[in-house]
Amino acid sequence: MLIRSHTCGQLRDAQVGQTVRLNGWVNSYRDHGELIFIDLRDRYGITQLVFEPESGVARDVIEAADKLRNEDVVAVEGTVRVRIGGENPKLATGKIEIVVTKLEVLAKTDNPPFLPDDMVKLPNEELRLTHRYIDLRRPSMQKVLATRHKIYQTTRKYFDENSFLEIETPILYKSTPEGAREFLVPTRQVPGSFYALPQSPQLFKQILMVSGCDRYMQICRCFRDEDPRADRQAEFTQIDLEMSFVRRDQIMEMMEGFVRRLWKELTGFDVPPIQRMDYRTAMEEYGIDRPDTRYDLRTKDISEFAGKLDFGVFKTVLEKGKDRPKYYSKKGVVKALRVPGGAEKLTRKLTDGYTEFVKGFGAGGVAVVKIIKGEDGGPKLDTGIAKFLEPMKAEFLALLNCEIGDTVLFVADTYSVATKAIGELRQKVARDMGIVPKPGAEGGPWNFLWVVDFPMFEKNKDTGKWVAMHHPFTSPRDDQMQAFLNADVDDEVTIEGIVSAGYDIVLNGQEIAGGSVRIHDRDVQSKVFKLLGMTPEQAKEKFSFLLEALSFGAPPHAGVAFGLDRLVMNFVGTDNIRDVIAFPKTQIGADLMTRAPSFVPDTQLKDVHIKSLEQPKA
RNA sequence: GGGGCGGUAGCUCAAUUGGUUAGAGUACCGGACUGUCGAUCCGGUGGUUGCGGGUUCGAGUCCCGUCCGCCUCGCCA
């Protein structure tokens, strides 16, 4: 075989006159009879080959070249020369061409179901996933893989420089059925028992801290058997880390340094100091725990004002949980969103649609008012609930700093429903107003934000039980510890008010990392388990190894996990997570290329002591 | 588990209100062609309209079921 001397992206006019060998795929062919052009492609680029009788090339080489088709794999030898037909400015190698003297066809292809061409419209994703090896040949997919690789390298270098050890943790892990559903793995050795695939290496990395490893990192696969979304796969990758002898500020500094390094390396962008926002502010002003700060729309709780209006819908809602504390999830609230310039841009059709939109989040509807220019030149309330607001007009306008041309949208419901609904509405309105900048990868801003001071616990709305908002190993914030230890498990108001030492990094409205200071005290950990409704026996059954580890000298420690797939998505500018994973799965967790998951023979099931309730379809 | 969109030639799409033999571009096959670069020109092959049932004189089109893909709510400690 003619082993390559160069890649297809390498040759320039500096190499003119040299004899070279290239290997690659036929990207396209232009056959003029005796004169044949082939664009040869590999990962590095495209180089034009030319077969011409004048060069004295053997007859059979021309004849073989005549039969080449897209995606055949070939090796050639020839001479580099300046193109006779003029430069092709679209190619990096566009100044030169290879006059071929020898040709080896390394592999003929069947007619491919599609061509790996970024210039033409892509076939549907199902076909791309079925023949992933062809799809991955596309230059843009090669770029994704290279970007991902660069992130791995930058990550390892940064954490190595900061004394982190890369340590592998088990994939076959103990089932701890809390949080996400787990993938189970039966075992031949112990009949009737199962491993689970880890949702994350959380407990192993904490135990590595107890083990004296001090600083740990791993680029690890995590598994959650939950329905996917455009930005979520059941199998995904985290950059996982943990540090000993730090409090919140030190690990946040380490994370911020990593983000700064990553963006510098991958985009050249200097990440400015990242601002902090507490969870309550995020929920109050953005209606979501990961605010998109690229546009300045804010939501506001106007319950107190709304109570003064003679408007039945608001009055009814505000009766709910009237005497409960401000953030009680079932307390009735009225939330408002002032949209500057909305009076013109948010048409009746759009605002009518908002009611349907918020219904999707459980809210009843959206009330609307426009502030237009009155006959006296001053602001005038128009349409929607204008007549109910009219008696309190001055106070209303002042409350939201309204100006002529604004539209104000209202959602009245329980605290949790109204907050979620208006938060989602805020994002939809921003899109409708056309004020959402492009993502950073497309030249838009990179807006980073810390979100901190999350509640430790929230009530599950179905069971009424407490659940950990982050996870059950998250510590209360230092100044909350005493209050937490003193709190009675039934003291709902106090428990609800405990703030954790958790922190998230949000980028353009998307969570890219999350972590917390961990509990390193056995008694604190036991109290959390108790609060979550676990008996001491249950806690021991599930987490005895953790509680024991915490009993034998556990250092204070804290950690974080970055969602690697989402980082790649940001750098390559896609909102489809499957585009950044070499071999992704579909909505039902299928790998269309390998046809996993699949039925297995009964004999194989018997080995692992399993009997299936389902049979393969005939 | 719920809601929505989609599935027609290898691929991307079209097909009037339910009405003739389901078309076009591209790929592929054959032919012509010595400077192309999305080569061009001429000719040709190619269809279980995802699958199963139903309504109808007649179904790609309407109805029911089902499979697959995507988006989304729930879910994702």
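Chain letters run A, B, ... following the sequence lines, proteins first, then strands; residues in each count from 1. Computation of the quantities below employed the complete heavy-atom set of this structure, encompassing side-chain atoms and omitting hydrogens, waters and symmetry-equivalent molecules. Since this is a predicted model, take the numbers as computed values, not measurements.
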Worksheet item: Are A:F114 and B:C11 stacked, counting the six-membered base ring, centres under 5.5 Å, planes under 30°?
Response: no
Distance, [atom1] atom - from [M] to [N], rounded to whole angstrom:
| N | M | atom1 | answer |
| --- | --- | --- | --- |
| B:A9 | B:G44 | C1' | 14 Å |
| B:A59 | B:C13 | P | 27 Å |
| B:G65 | B:U72 | P | 25 Å |
| B:G60 | B:U45 | P | 23 Å |

With sugar-phosphate meaning primed atoms plus P, OP1 and OP2, does [X] contact a base, only sugar-phosphate, or nothing at under 4.0 Å between heavy atoms?
| X | value |
| --- | --- |
| A:R81 | base |
| A:L129 | nothing |
| A:P113 | sugar-phosphate |

Discussion item. If the condition is salt bridge (Lys or Arg N to Asp or Glu O under 4.0 Å), which residues does A:E235 pass it with, not counting sequence neighbours?
Written reply: A:R221, A:K585
Discussion item. For A:D135, give me all partners under salt bridge (Lys or Arg N to Asp or Glu O under 4.0 Å), at least two apart in sequence or on another chain.
Written reply: A:R128, A:R132, A:R138
Output one line per pair: protein atom, nucleotide atom from nucleotides 1-3 of chain B, and distance, for all N/O pairs under 3.5 Å.
{"residue": "B:G1", "atom": "O6", "partner": "A:D227", "partner atom": "OD2", "Å": "3.1"}

Length of the line joining [X]:[atom1] and [N]:[atom2], which is rounded to integer Å:
| X | N | atom1 | atom2 | value |
| --- | --- | --- | --- | --- |
| A:K585 | B:C70 | NZ | P | 13 Å |
| A:N27 | B:U36 | CG | P | 19 Å |
| A:F236 | B:C75 | CZ | P | 17 Å |

Any strand is fair game: report the nucleotide pairing with [N] by Watson-Crick or G-U wobble, both distances under 3.5 Å, or none.
| N | value |
| --- | --- |
| B:U17 | none |
| B:C29 | B:G43 |
| B:U61 | none |

Discussion item. For A:Y195 and A:Y173: C-alpha separation, side-chain torsions, deciding distance, then whether ring-ring contact (aromatic ring centres under 6.0 Å, His included) applies.
Written reply: CA-CA 5 Å; A:Y195 298 100; A:Y173 176 51; 9.8 Å; no
Would you tell me if any nitrogen or oxygen in the side chain of [X] comes within less than 4.0 Å of OP1 or OP2 on [N]?
| X | N | answer |
| --- | --- | --- |
| A:K121 | B:C13 | yes |
| A:R30 | B:U36 | no |
| A:R224 | B:A77 | yes |
| A:N124 | B:U12 | yes |
| A:Q199 | B:C76 | no |

Practice prompt. For A:K420 and for A:K90, locate the closest nucleotide of RNA chain B by heavy-atom distance; then report the residue assigned to the nucleotide nearer the 5' terminus.
Written response: A:K90
Fill in: Nearest-nucleotide comparison on RNA chain B, the residue closer to the 5′ end among A:I588 and A:V120
A:V120
Fill in: A:F183: ring-ring contact (aromatic ring centres under 6.0 Å, His included) partners, not counting sequence neighbours
none
Discussion item. Centre-to-centre under 6.0 Å for A:Y503 and A:Y279, is that the case here?
Written reply: no
Discussion item. Please tell me whether A:F529 and A:F543 form a close aromatic pair, meaning their ring centres lie under 6.0 Å apart.
Written reply: yes
Worksheet item: A:F357 vs A:F361 aromatic rings, parallel, tilted or perpendicular, using cut-offs 30° and 60°?
Response: perpendicular
Worksheet item: Is it the case that more than 12 heavy atoms not belonging to A:K174 sit under 6.0 Å from its NZ atom?
Response: yes
Worksheet entry | Candidates B:U36, B:A77, B:C75 - which lies nearest the side chain of A:F473 | B:A77
Worksheet item: Taking protein heavy atoms under 4.0 Å as touching, what does nucleotides 26-34 of chain B look like 5' to 3' if B marks base contact, S marks sugar-phosphate-only contact and - marks none?
Response: -SSS---BB
I'd like a table of donor-acceptor pairs (distance under 3.5 Å, sequence neighbours excluded) in which one partner is a side-chain atom from residues 507-515 of chain A, with atom names and distances.
{"residue": "A:N508", "atom": "OD1", "partner": "A:N447", "partner atom": "N", "Å": "2.8"}
{"residue": "A:N508", "atom": "ND2", "partner": "A:P445", "partner atom": "O", "Å": "3.1"}
{"residue": "A:Q510", "atom": "OE1", "partner": "A:N570", "partner atom": "ND2", "Å": "3.0"}

Worksheet entry | Side chain A:R128 and base B:C11 donor-acceptor under 3.5 Å | no
Worksheet item: Ignoring hydrogens and angles, does a donor from either the side chain of A:E97 or the base of B:G35 sit under 3.5 Å from an acceptor on the other?
Response: yes
Worksheet item: Thinking salt bridges, do A:K335 and A:D413 make one under a 4.0 Å N-O criterion?
Response: no
Discussion item. Is the positively charged end of A:K330 above the ring of A:Y415, judged by distance under 6.0 angstrom from the centroid and angle within 45° of the axis?
Written reply: no
